[in-house]
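Written below as structure tokens is the structure these notes are about.
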Amino acid sequence: RIDTDTDGRHAQVEFTTDFQVDAARRDLTSTCHLQIPVNSMSVDMEGKLFDYFEGATHLQKKQVLFVGNPAERITEDYLRILRYFRFHGRISEEGEGWDEATVNAISHNRDGLKQISRERIWLEMAKIIVGNHATAILNKMKALQLFPLINLERDSNIDIDKMHSQHKIASLSEIRPVSLLSYGFKTAENFSKLRKAWKMSSDEDYIGQFLIKHRNQTDLKYFQDLLVDTPKHCRHKYHMAVTELSLSRGDEVLCKTLSEWNVPECPIRGDQVIKHLGLSKGPSVQKFYTMGKSKWKDSHFTMEGSELLEYLLQEYNRSRK
């Protein structure tokens with residue numbers, strides 16, 4: 001294939017039988033890691049390697065380089081900037097070995113990132129976040145002033161060091177990228193800004209918000225109370241988020257315990273509160289029902305309905321004096 005014309009993201013193409021010409025329009029000389037296919041290299045039916053741009057040499061040296069002139073490759077498709085960082089994490093050692101010409105080309109052409117759709121930015125960033133050497137790569141991107149161009153604005157206050165601390169202990173093969181990303185934010189508000197900017201899914205939004213709000217909690221009873229308070233139709237999301245929290249800690253005991261727990265039902269209902277206390281429908285019913293449910297949770301879900309109703313009656317009579 002030959003790219004005959006490009007606007008910095010999409011290309012008009014023609015087809016060719018010349019493999020070298022096809023290889024020349026690729027982005028990186030070597031994007032091979034374990035079972036990932038190479039980029040500008042090819043092999044014929046007899047196993048002969050065709051390597052027109054020293055990709056095999058670069059791979060052996062753990063180098064990530066663009067095919068030909070890096071500035072030309074980048075301006076053909078600005079998404080290649082993010083792809084470069086992603087594959088740098090997969091191939092390089094310790095996230096080092098930055099090629100000066102490539103870094104300069106990225107710096108000079110960084111404004112082109114504004115042309116990339118927000119969904120594609122998140123798709124690439126997600127792979128960087130859970131990939132190798134994520135901290136070194138994110139710090140390099142920040143130093144090159146790429147963050148404002150991909151909606152990581154200054155007021156987001158993303159904490160790369162905190163993400164790094166969690167990256168070291170998390171179960172990276174299973175965890176969702178949004179779970180690690182959430183550790184970079186102190187508040188759900190700042191995370192929400194980025195979630196909207198990158199058009200994350202509703203599940204990713206739920207997970208991010210959940211982890212920010214509850215990640216510092218370790219007590220099983222705390223999470224049991226949360227589960228009891230979660231409406232039945234939302235409990236699948238709750239379990240999904242708790243699983244991500246457990247993976248982020250590198251310890252799946254919490255999610256396993258909660259998934260096996262037979263969630264009890266609160267033994268009182270609003271109509272019973274109305275009848276036993278002689279209330280009229282209104283805000284006071286919700287107030288006393290909530291009071292009774294809290295008492296039940298404090299008893300580790302052991303109090304029976306009759307006990308709770310008597311407790312509420314006493315509290316109601318006390319409130320009227």
### NZ/NE/NH1/NH2 to OD/OE distance under 4.0 Å, Arg83 and Asp77
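Salt bridge between Arg83 and Asp77, a charged N being under 4.0 Å from a carboxylate O: no.
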
Exercise for review: Answer yes when Lys196 and Asp205 have at least one side-chain N-carboxylate O distance shorter than 4.0 Å, and no when they do not.
Suggested key: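 Between Asp205 and Lys196 there is no salt bridge, as every charged N stays at least 4.0 Å from the carboxylate O atoms.
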
Point-to-point distance, once rounded to the nearest 0.5 Å, from [atom1] of [X] to [atom2] of [Y]:
X      : Y      : atom1 : atom2 : answer
Cys234 : Met240 : SG    : CE    : 10.0 Å
Asp161 : Gln166 : CG    : CD    : 13.0 Å
Lys114 : Ile121 : NZ    : CD1   : 11.5 Å
Leu308 : Met291 : CG    : CE    : 12.0 Å
Leu113 : Leu79  : CG    : CG    : 8.5 Å
Asn151 : Arg195 : CG    : CZ    : 13.0 Å

Tell me, please, which residues at least two apart from His133 pass side-chain hydrogen bond (donor to acceptor under 3.5 Å, both in side chains).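 His133 satisfies side-chain hydrogen bond (donor to acceptor under 3.5 Å, both in side chains) with no other residue.
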
Is the Trp98 ring parallel, tilted or perpendicular to the Tyr84 ring (thresholds 30°, 60°)?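 Trp98 vs Tyr84 ring planes: tilted.
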
Out of Arg176, Met200, Lys237, which residue meets the side-chain contact (heavy atoms from CB on, under 4.5 Å) rule with Ile207?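 Checked Arg176, Met200, Lys237 against Ile207; only one passes side-chain contact (heavy atoms from CB on, under 4.5 Å): Arg176.
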
| said: Against the six-membered ring of Phe301, is Lys221 placed for a cation-pi contact (under 6.0 Å from the centre, within 45° of the normal)? | reply: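 The answer is yes, since Lys221 meets both limits relative to Phe301.
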
Looking only at non-hydrogen atoms, find the nearest pair between [X] and [Y] and report the distance.
X      : Y      : answer
Arg269 : Gln272 : N-OE1, 2.8 Å
Ile128 : Met141 : CD1-SD, 4.3 Å
Gln115 : Tyr78  : NE2-CE1, 3.6 Å

Q. Does Leu181 belong to the same Ile/Leu/Val/Met/Phe/Trp/Tyr cluster as Tyr206, with side-chain heavy atoms less than 4.5 Å apart forming each link?
A.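 Leu181 clusters together with Tyr206.
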
Tyr316/His276 aromatic ring centres below 6.0 Å: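 Distance test on ring centres: not under 6.0 Å, no.
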
- Are Tyr238 and Phe210 near enough that their ring centres are under 6.0 Å apart?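 Distance test on ring centres: under 6.0 Å, yes.
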
- Does NZ in Lys297 sit with more than 12 non-hydrogen atoms of other residues, nucleotides or ligands closer than 6.0 Å?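 Yes, enclosed.
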
Would you say Glu204 and Trp122 are linked by a side-chain donor-acceptor pair, where the criterion is simply a distance under 3.5 Å?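 A donor-acceptor contact under 3.5 Å links the two side chains.
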
Atom pairs and distances, donor-acceptor, side-chain atoms in residues 247-256, under 3.5 Å, two or more places apart:
from, atom 1, to, atom 2, distance (Å)
Ser248, OG, Tyr183, OH, 2.7
Ser248, OG, Leu245, O, 2.7
Arg249, NH1, Gln217, O, 3.4
Arg249, NH2, Arg215, O, 2.8
Arg249, NH2, Gln217, O, 2.4
Asp251, OD1, Val253, N, 3.1
Lys256, NZ, Glu260, OE2, 2.8

